[in-house]
Q: 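Sharing a structure, written as structure tokens. Questions coming.
FYI, the numbering just counts along the sequence from 1.
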Amino acid sequence: MRISHFTPDELSAAFGIDMSTVTGFGPGAGWGRVVPGGRSDAHQHDETEVFVIVKGAGELVVDGERTPVGPGTVVMFEPFETHVIENAGTDDLVFFDLYWRDPALAVQAAGAGAAERRRFGQRPVFVFSTPPTPNGDLHLGHLSGPYLGADAFVRFQRMNGVDAWHLTGSDDYQSYVVDRALRDGREPAETAAHFSAEIAATLALMDIRPDQYTVTDTDQTYRDGLRAFFSRVAASGPVTLSETPALFDAETGDYLYEVGVAGGCPGCGQPTNGNICEECGEPNVCADLAEPRTRRSGDAPRRGEAARYCLPLHEFADEVAAHHNLGRVPARLRELAHRVFARPRLDLPLTHPSNWGVPPAEGGTEGQVIWVWPEMSYGFLHGIEALGRGLGKGWRAEEPQQDWKIVHFFGYDNSFYHSLLYPVLYKLAHPGWEPDIDYNVNEFYLLEGQKFSTSRKHAVWGKDVLSADSVDAVRFFLARTRPEGRRTNFDPAVYDAVLRDTLIGTWQRWLNELGTRITDWYDGQAPDAGVWTPEHTAFLDRLTVRLAALTRSLGQDGFSLNQAAEELNGVVEDVLRFTEAEYAVAGIDRWSDHTRTTVALELAAARLLARAAVPVMPRFAERLAAALGLEEAAVWPSRVELLPAGTKVGVADAVFFRPADTQEDADV
């Protein structure tokens with residue numbers, strides 16, 4: 001017999017609470033204590049874990065769901081469940097902890113994660129693509145990143161029964177809007193309204209229609225909500241009105257930030273504009289740029305000071321790390337946080353002198369506006385409230401709820417704001433809310449080896465290539481080549497080759513030839529499977545493996561459109577390899593029942609493609625489903641299925657893709 005007693009002297013800090021280790025009780029065991037008002041860090045691991053509550057009262061938070069606990073409560077956490085234990089009482093909460101590794105269960109749980117195991121459940125899921133700056137239209141570099149990613153993610157989630165919505169809008173108060181307006185001889189509001197409409201139209205051409213599109217300058221409730229949010233941040237304590245170093249145009253005296261000034265990044269030394277470095281992702285405060293120059297004249301600016309509301313971001317390293325333990329945070333973002341918080345200080349201005357934007361309600365900031373990047377943190381909450389009004393939901397920006405799941409899609413140059421700054425602002429404005437956020441980040445998409453550039457006219461604009469005939473091919477190619485974790489390249493010649501050789505020369509040719517076989521051999525109707533050979537069962541298993549891989553690549557934990565596009569193409573390649581061998585006996589009476597099974601499996605592959613292509617290529621999927629006699633797919637397939645025998649099949653003459661020189665320039 002073994003006995004262990006709770007001994008406070010043996011406790012030490014672990015997971016944000018006090019823990020001890022006890023030997024002799026299986027693979028792992030120990031005591032835990034949570035002091036009144038305390039809570040453990042949110043975390044997940046591959047072990048199965050059991051808590052036995054022996055004293056006190058509290059709550060368990062498991063994947064965002066709260067459960068009260070007290071003496072006599074026993075709870076088991078399966079592998080990879082994100083969990084927190086909180087003390088809601090006035091005495092210590094004490095529990096005994098048991099944990100062990102079960103490799104088979106861990107693998108099963110990891111696989112279930114790709115199918116959205118429990119982390120979403122019935123929670124509302126708000127998927128944001130970074131609001132674009134309305135100083136120009138969208139090119140393929142923009143479309144390949146946040147917008148296509150968020151759209152495909154939401155389509156997949158909805159097919160799996162998740163209440164998910166895509167939200168974005170128009171980031172009207174950017175300084176870049178002012179710069180474009182000056183060049184065009186317009187007012188900023190006019191410029192923002194014009195390009196906001198153009199952006200929405202281009203998204204529609206891409207078959208991307210967000211559920212909520214917020215235009216910040218024209219939304220009647222936006223300004224008051226933003227001011228209230230900022231007032232909460234300013235009243236939180238750490239944010240103060242401070243005189244800090246700033247740059248000014250030596251000739252005009254104009255305050256310089258963002259597009260108005262350039263220099264060497266204080267982090268990596270590469271050339272950068274004010275406030276953020278596109279190369280390394282680190283912020284600057286303009287006054288710390290190496291050899292700064294004004295954009296207007298190229299001259300060195302005058303150094304001085306300006307009174308602005310400033311956030312001592314360096315004080316929040318632990319809070320950001322705790323936030324990064326809660327959701328999906330790629331290592332690239334955690335490494336960025338490490339670099340930023342390695343600085344001894346980072347006093348980040350939250351307001352800037354400008355006549356374009358929303359002035360704060362606080363005094364002492366006459367002639368200043370809330371900086372548009374902190375503003376965006378409120379904009380996401382505002383978007384949720386606006387979406388809720390349309391859905392009849394009581395969601396409120398000023399009262400964010402713990403069951404909200406937020407998923408962000410953005411480019412790496414936005415990483416600092418989304419994954420470091422916004423969690424801190426939320427903590428200051430809403431101390432009782434712990435936002436559960438997943439981050440999906442993309443790198444720069446290059447055009448023939450160089451960055452897309454409007455000023456150098458080095459860009460392929462969405463409206464120049466998108467039509468009803470081309471949209472699926474563009475979506476497939478961008479999904480296959482978008483910059484996930486590394487910079488990738490758009491080459492028009494490669495795109496033309498993929499359209500010609502892969503989508504038309506391989507996919508469409510296979511489907512047309514399949515239709516011809518069914519017309520010639522089975523009077524245009526799907527045959528029933530006949531005799532199965534080991535090769536047939538192996539191919540069915542191969543399709544099942546493809547389905548599992550597609551599910552993982554589109555799911556919450558392992559989302560990758562690169563992988564999804566490769567798996568879709570892999571389905572077609574698998575079919576061609578399989579049929580090349582099996583049709584050696586086609587037309588031989590002795591083996592006709594075997595050939596029927598081959599054709600039935602070929603149709604099963606086409607059926608799988610019609611279902612699994614929906615998130616990436618919705619129009620193609622709809623057309624293929626119709627040609628196979630199926631209804632439009634609304635549910636993600638859980639298994640590979642044969643097409644019912646006798647189904648009328650019309651793929652022999654179906655056209656899914658057209659050569660670029662025959663595509664009509666039609667509105668989508």
Side-chain angles (χ1 to χ4, degrees), residues 4-22 28-45 47-78 80-99 118-124 232 235-238 316 318-327 381 394-396 398-406 423-437:
S4 176
H5 296 283
F6 176 65
T7 307
D9 292 344
E10 296 179 356
L11 299 172
S12 59
F15 298 104
I17 57 176
D18 301 322
M19 298 289 296
S20 69
T21 300
V22 176
W31 289 94
R33 178 180 68 183
V34 188
V35 299
R39 69 191 310 275
S40 69
D41 296 333
H43 63 284
Q44 55 175 283
H45 40 66
E47 296 104 334
T48 303
E49 188 171 25
V50 171
F51 286 178
V52 182
I53 311 299
V54 299
K55 177 185 175 183
E59 287 188 321
L60 290 173
V61 186
V62 180
D63 290 333
E65 297 183 4
R66 290 181 172 270
T67 303
V69 296
T73 301
V74 180
V75 61
M76 183 174 77
F77 308 108
E78 295 188 14
F80 311 119
E81 282 189 313
T82 301
H83 53 278
V84 172
I85 184 167
E86 296 181 349
N87 187 335
T90 57
D91 298 323
D92 286 349
L93 190 157
V94 178
F95 62 94
F96 192 66
D97 183 26
L98 292 162
Y99 50 92
R118 281 164 301 280
R119 293 174 65 180
F120 286 170
Q122 299 304 309
R123 303 167 67 185
R232 298 180 69 154
S236 63
F316 293 89
D318 290 342
E319 288 79 2
V320 171
H323 172 72
H324 286 179
N325 273 322
L326 186 57
L381 305 183
W395 300 324
R396 299 180 61 195
E398 62 185 26
E399 294 182 3
Q401 300 300 302
Q402 198 56 52
D403 70 336
W404 292 0
K405 179 67 181 184
I406 295 174
V424 174
L425 296 177
Y426 290 144
K427 184 173 185 63
L428 297 178
H430 304 289
W433 181 45
E434 295 185 31
D436 183 0
I437 304 176

Q: Holding to ring pair (Phe, Tyr, Trp, His ring centres under 6.0 Å), I want the full list of residues that pass it with Phe15, two or more places apart in sequence or in another chain.
A: His43
Q: Name all residues meeting the salt bridge (charged side-chain N to carboxylate O under 4.0 Å, His left out) criterion together with Glu399; count only those two or more places apart in sequence or in a different chain, and write none if there are none.
A: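 With sequence neighbours excluded, Glu399 shows a salt bridge (charged side-chain N to carboxylate O under 4.0 Å, His left out) to Arg396, given in chain and number order.
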Q: Which heavy atom of Pro36 sits nearest to which heavy atom of Gly89, and what is that distance?
A: CB-O, 3.6 Å
Q: Atom OH in Tyr426, atom CG in Leu381: separation rounded to 0.5 Å?
A: 4.5 Å
Q: Can you find a heavy atom in the side chain of Glu49 that is under 4.5 Å from one in the side chain of Glu78?
A: no
Q: For Phe77 and Leu60, what are the C-alpha separation, side-chain angles and deciding distance, and is it a side chain to side chain contact (heavy atoms under 4.5 Å, CB included)?
A: CA-CA 11 Å; Phe77 308 108; Leu60 290 173; 4.0 Å; yes
Q: Looking at CD of Gln402 and CH2 of Trp404, how far apart are the two atoms once the value is rounded to the nearest 0.5 Å?
A: 11.0 Å
Q: Hey, what do you get for CD (Glu47) to OH (Tyr99), rounding to the nearest 0.5 Å?
A: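 Glu47 CD to Tyr99 OH: 7.5 Å, rounded to 0.5 Å.
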Q: Drop me the distance from His324's NE2 to Ile437's CD1, to the nearest 0.5 angstrom.
A: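 One gets 9.0 Å once the value is rounded to the nearest 0.5 Å.
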Q: By side-chain contact (heavy atoms from CB on, under 4.5 Å), which residues pair with Pro423, not counting sequence neighbours?
A: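 If we apply the side-chain contact (heavy atoms from CB on, under 4.5 Å) test to Pro423, skipping adjacent residues, the hits are His323, Tyr439.
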Q: Would you check, one step at a time, whether the test side chain to side chain contact (heavy atoms under 4.5 Å, CB included) holds for Leu93 with Lys55?
A: CA-CA 5 Å; Leu93 190 157; Lys55 177 185 175 183; over 6 Å; no
Q: Can you pull out every side-chain hydrogen bond (donor to acceptor under 3.5 Å, both in side chains) where at least one residue sits in residues 10-21? Sequence neighbours excluded, please.
A: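 As it turns out, the side-chain hydrogen bond (donor to acceptor under 3.5 Å, both in side chains) pairs with a partner in residues 10-21, which skip direct neighbours, are Asp18-Arg33.
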Q: A side-chain contact here means heavy atoms from C-beta on lying under 4.5 Å apart; do Glu59 and Val69 qualify?
A: no
Q: Can you list everything that forms a side-chain contact (heavy atoms from CB on, under 4.5 Å) with Ala42? Sequence neighbours excluded, please.
A: Thr82, Val84, Leu326
Q: Looking at CZ of Phe316 and CG of Asp318, how far apart are the two atoms once the value is rounded to the nearest 0.5 Å?
A: 11.0 Å
Q: Phe6: which residues meet the ring pair (Phe, Tyr, Trp, His ring centres under 6.0 Å) condition with it, sequence neighbours left out?
A: Trp31
Q: Is the shortest side-chain N to carboxylate O distance from Glu319 to Lys427 below 4.0 Å?
A: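 No salt bridge links Glu319 with Lys427.
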Q: Evaluate the side-chain proximity of Phe95 to Thr73: yes if any heavy-atom separation is below 4.5 Å, no if none is.
A: no
Q: Check Asp92 against Val35 and note the closest heavy-atom contact, atom names and distance.
A: OD1-CA, 3.8 Å
Q: Between Arg123 and Asp403, does any NZ, NE, NH1 or NH2 come within less than 4.0 Å of an OD or OE carboxylate oxygen?
A: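 Looking at Arg123 together with Asp403, the answer is no, because their closest N to O distance does not fall below 4.0 Å.
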Q: Identify, with sequence neighbours excluded, every residue that meets salt bridge (charged side-chain N to carboxylate O under 4.0 Å, His left out) alongside Arg39.
A: Glu86, Glu434
Q: Could you pull out all residues at least two apart from Val50 that satisfy side-chain contact (heavy atoms from CB on, under 4.5 Å)?
A: Val52, Val74, Met76, Leu98, Trp100
Q: Can you list everything that forms a side-chain contact (heavy atoms from CB on, under 4.5 Å) with Thr67? Sequence neighbours excluded, please.
A: none
Q: Take Glu81 and His83 through the side-chain hydrogen bond (donor to acceptor under 3.5 Å, both in side chains) test and state the conclusion after the steps.
A: CA-CA 6 Å; Glu81 282 189 313; His83 53 278; over 6 Å; no
Q: Carefully, step by step, assess Ile17 and Ile85 under the rule side chain to side chain contact (heavy atoms under 4.5 Å, CB included).
A: CA-CA 9 Å; Ile17 57 176; Ile85 184 167; 4.3 Å; yes
Q: Would you give the length of the straight line joining atom CG of Asn87 to atom OG of Ser40, rounded to the nearest 0.5 angstrom?
A: 11.0 Å
